[in-house]
Amino acid sequence: MLGPPIRSAKHPPGSGRWALGPAGIGPAASPTAAARVGAAAAPTRVPEALPQPEAPQPLPEPGSEARWLLLQRLRRHGADPQPWLERLERGDLDPEPDLLAALVVLVDRSGAQRLLALARRHGPEPLRQALVRELPGVDGVVAATWLEPLLAACALEPVWLAPLGRCREPRVAQRLRAAVVQALAEPAAALRVPALEPPPLVLLDLLPLLGQQRQGQDAALLIRLALDPAPLALRRVALEALALGLAAWPQAPLGQALARLAQDLDPALAAKAVDLLARLPAGQPLLHRLARRPLEASVRARLGRRLRFSPLVLLVHGRSGGRIPAELEALARDLAARRGAPVLLQALTAPAPDADAAFWAAARAAGALTLVPLLLLPGGHVRHDLPAIAGRWRGLAGPAGVALRRLPFLGAWPAWQRQLAGRCAADRQAGLDPLWLHHPLEGPLAARYLDHLARRLAAPGLATPYSAQARELPLAGPSPVALLPMTLASNRLSETLQAAARAADPCPQLPGQPPVRLHPPLLQQAPVRQFLIDALEVLP
């Protein structure tokens, strides 16, 4: 609270209204206001002309309350800066930083040029301090006033780069970029530690200003400086510059760089990188991958506070009567333990499971729940049942204030297709001809997908109904065959084939058929199961 106006013994209460002027605090020539104040105090005659101060009064002493009050009122009332500029130019006032800070926000462009001319006479530091403190970090009226004068001044004296960097504009970014390149060419001077006297601008000063410009083309330079072996102070400042323009940088290389920095040997640098990753729109998957890496204890604790795990709903085929195979139940248990969040299994052959209070509490904490269709082929379930199921979960999530994330069906994941391709490549290396078995599908979409998968796996597929018998498979050729049932968990076909394999030799051979090696369902294969665990664990 500013308190009542300061008065002197020569002008007691009731004698008039007091105002601010370049000579200090004095009475204002306002007969109307004087009459009101005088009438309230006593029935005295209002003078026709208020007395003026006998002589200009100096500013109160630096650090005094009276001086602070004067300068605050000067700024807040938008006083005319012209008389103050004239007193500074005559030498009646010293160009002190607090007075200049008040004038910086009041002057127009010509006034800004006059203050810069004063700085050339008296030294730049007081005005530089005032500008660094007052110029906003975003575009505004004050920054626009000073932009052109400072651009001109920087051509003569680089010291003005520091306040100029508070004005966000492409020409400013270009000046800063050139200064950074010049400083990088002189590493000894670039890292000079600032002393009590104002040092020349160095990298430690310039990089945050460049980051504030938020020009996407500067991301590569800032990322390189943060990652490369260099003095720790420089790397930290480069990371701070990245933080200042976080939303402006290309997200993919930025996320990769922050993930590397989160594993840095310097805990402070690594912790800052973890915080920035948590602010990226696609940062959660990168944070989840970091959880599997060796991290310093304090960084791991920071990571734990930034991770958000949504509950998962795994949509699976199931078996008749809604029964869920044991492999899928074990997968859900392991995922829930590793994520620390609920995992529900929903079978296509059964009603949707009931989500309890713990499920919805975790969903609200993460802001979402995630529907993961563990379906391998684009059949009717994917085309028709999946949209309906997603709609039901969306209807439940909306009233709870939770978003629904719906992933593509598992068979469409490129990483999943690479996993299957690796399985087929290993069979070929073992001298076997891989053949994958899939449920018969209809429609052009299914046909295109099956052709794509055959090319991706470099192996043919065979449409095989669940009721098929081993002897009915149209196998031919002299080479042994590796049969890969395209199913996550045991189903009627895989059990029929396994029964036939157990009744024959370890590598059964039916009459008129080549030797056959039967692979178990995919979740019973350790590499495939581990891939699924790793991929689902890091989902946000």
Nearest non-hydrogen partners of [X] and [Y], listed with the distance:
{"X": "Leu242", "Y": "Ala226", "value": "CD1-CB, 4.4 Å"}
{"X": "Gly255", "Y": "Leu280", "value": "CA-CD1, 3.9 Å"}
{"X": "Leu222", "Y": "Ala238", "value": "O-CB, 3.8 Å"}
{"X": "Arg214", "Y": "Trp249", "value": "CA-CH2, 4.0 Å"}

Ionic contact status for [Y] with [X], cut-off 4.0 Å:
{"X": "Arg423", "Y": "Asp427", "answer": "yes"}
{"X": "Arg235", "Y": "Asp264", "answer": "yes"}
{"X": "Arg305", "Y": "Asp275", "answer": "no"}
{"X": "Glu537", "Y": "Arg339", "answer": "no"}
{"X": "Glu442", "Y": "Arg383", "answer": "no"}
{"X": "Glu240", "Y": "Lys272", "answer": "yes"}

**Prompt:** Given Asp334 and Arg529, is the salt bridge (charged side-chain N to carboxylate O under 4.0 Å, His left out) satisfied, shown in steps?
**Reply:** CA-CA 11 Å; Asp334 291 349; Arg529 186 181 193 278; 2.7 Å; yes
**Message:** If you count heavy atoms of other groups shown closer than 6.0 angstrom to CG of Asp354, is the number above 12?
**Reply:**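 Counting other residues, nucleotides and ligands, CG of Asp354 stays at 12 neighbours or fewer.
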**Message:** Does Arg128 form a salt bridge (charged side-chain N to carboxylate O under 4.0 Å, His left out) with Glu157? I'd like the steps, not just the answer.
**Reply:** CA-CA 12 Å; Arg128 190 191 73 87; Glu157 298 176 280; over 6 Å; no
